[in-house]
Amino acid sequence: MEQPIYHAHPTAVVDEGAHVGKDTRIWHFCHLMPDSSVGENCVLGQNVLVSAGVSVGNRVKVQNNVSLYTGVTVEDDVFIGPSAVFTNVINPRSFVNRKDQFRSTRVCRGATIGANATILCGVTLGVYSFVGAGAVVTRDVAPYALVVGSPARVIGWVSRHGHRLHFDPQGDAVCPESGEHYRFSEGAVEIVLP
């Protein structure tokens, strides 16, 4: 019998038809359903559910007690904190079948979602955005935006390395860790390539 290219704890369930990339680690009591996909070098903490149709990129860290429901797409290098919550129907009722009304949610490359944050379905979290712990996200989050509260609101901007950016009067900022340059213009932030 061929050995898997990933590590799964004995209590984890990886259903037939689930795809798991090389060097991914799947810990206690996780469940990967058929037609789910998890990339390479990921870490799924204890009690993570990856539902059918969910796509998780490479180098993603999903902390304990997170359920990624059908309709969620997670791009490369995303961090999802413990007990973060995703939804996939805007108006659920137990007695009404709304599987044909699932809304797509996209977590773009490098985004961070803090512990106990709630992400309502149908939104996009932009590249390298940062959702604070306990925030309730009800609409799209711009790239590099730092959002907190309920409902989540922008309180600042962060670098790719997750540091708060402080813009000068000309709209320029430098990440204190990487030295990368950023520009704020017309309500949006972009990295300035050399």
Side-chain angles (χ1 to χ4, degrees), residues 27 30 38-39 41-51 54-69 71-90 92 103-168 171-192:
W27 294 108
C30 289
V38 177
N41 295 298
C42 294
V43 177
L44 304 183
Q46 181 174 300
N47 196 36
V48 169
L49 168 69
V50 183
S51 292
V54 169
S55 174
V56 175
N58 298 317
R59 300 171 304 279
V60 172
K61 292 183 180 176
V62 183
Q63 301 299 302
N64 297 351
N65 306 313
V66 174
S67 293
L68 301 174
Y69 295 118
V72 174
T73 299
V74 179
E75 295 182 358
D76 295 346
D77 302 313
V78 166
F79 177 91
I80 302 174
S83 301
V85 175
F86 290 86
T87 66
N88 59 9
V89 174
I90 201 70
R103 293 189 182 185
S104 297
T105 299
R106 179 169 294 278
V107 184
C108 294
R109 184 182 69 253
T112 291
I113 299 171
N116 292 305
T118 299
I119 313 300
L120 269 58
C121 56
V123 303
T124 296
L125 305 182
V127 295
Y128 302 105
S129 59
F130 201 113
V131 176
V136 178
V137 177
T138 60
R139 59 182 176 228
D140 291 353
V141 177
Y144 305 102
L146 170 61
V147 299
V148 299
S150 178
R153 66 196 183 288
V154 177
I155 63 162
W157 305 91
V158 294
S159 70
R160 290 191 320 138
H161 285 73
H163 294 282
R164 192 86 179 254
L165 293 172
H166 302 283
F167 292 94
D168 65 21
D172 296 313
V174 176
C175 173
E177 182 175 349
S178 68
E180 293 173 331
H181 290 255
Y182 295 82
R183 176 153 300 127
F184 179 81
S185 177
E186 298 179 9
V189 170
E190 62 182 4
I191 193 165
V192 180

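Atoms considered below: every heavy atom in the structure, side chains included; atoms not considered: hydrogens, waters and symmetry mates. Numbers for residues simply follow the sequence, beginning at 1.
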- Residue pairs fulfilling side chain to side chain donor-acceptor pair (under 3.5 Å) with at least one residue in residues 145-163, sequence neighbours excluded: R160-E180, H163-E177
- Note on the structure: Tightest non-hydrogen contact, residues A84 and G114, listed as CB-O, 4.2 Å
- Does the side chain of C108 come within less than 4.5 Å of L125's, by heavy atoms? no
- Query: Among pairs that include at least one residue of residues 73-90, which meet side chain to side chain donor-acceptor pair (under 3.5 Å), considering only residues two or more places apart or in two chains?
  - Reply: R59-D77, E75-R106
- N/O donor-acceptor pair under 3.5 Å between T105 side chain and G122 backbone: yes
- The side-chain contact (heavy atoms from CB on, under 4.5 Å) partners of R139 (sequence neighbours excluded) come to none
- Message: Among residues at least two apart in sequence or on other chains, which ones pass side chain to side chain donor-acceptor pair (under 3.5 Å) with N64?
- Response: none
- Between G81 and V66, the two heavy atoms sitting closest are O-CG2, 3.4 Å
- Check G126 against A111 and note the closest heavy-atom contact, atom names and distance. O-CB, 3.9 Å
- Item | Interatomic distance, R164 atom CZ to L146 atom CG [nearest 0.5 angstrom] | 5.5 Å
- What distance separates K61 NZ from L44 CG, expressed to the nearest 0.5 Å? 12.0 Å
- Message: Restricting to non-hydrogen atoms, name the atom on V141 and the atom on S129 that form the minimum distance, rounded to 0.1 Å.
- Response: CG1-CB, 3.7 Å
- Item | Pairs where residues 111-123 contributes a residue and the test side chain to side chain donor-acceptor pair (under 3.5 Å) is met, not counting sequence neighbours | none
- Message: For a 4.5 angstrom cut-off between non-hydrogen side-chain atoms, does V43 reach W27?
- Response: yes
- Calculate, to the nearest 0.5 Å, the distance between atoms CD1 and OH belonging to I119 and Y69 respectively. 13.5 Å
- Task: Working to the nearest 0.5 Å, report the span between CG of L165 and CZ of F184.
- Result: 11.0 Å
- Listed by chain and number, what are the side-chain contact (heavy atoms from CB on, under 4.5 Å) partners of T138, not counting sequence neighbours? L120, V136, P151
- What one should report as the nearest heavy-atom pair of V60 and G57 is CG2-O, 3.7 Å
- Task: Could you tell me whether the side chain of N65 reaches within less than 4.5 Å of the side chain of N47, counting heavy atoms only?
- Result: yes
- Please walk me through it: do V54 and F86 pass side-chain contact (heavy atoms from CB on, under 4.5 Å)? CA-CA 12 Å; V54 169; F86 290 86; over 6 Å; no
- Listed partners of Y144 passing ring pair (Phe, Tyr, Trp, His ring centres under 6.0 Å), at least two apart: Y128, Y182
- Task: With sequence neighbours excluded, tell me which residues meet salt bridge (Lys or Arg N to Asp or Glu O under 4.0 Å) with R183.
- Result: D172
- Note on the structure: On a heavy-atom basis, the closest approach of C42 and V56 is SG-CG1, 4.3 Å
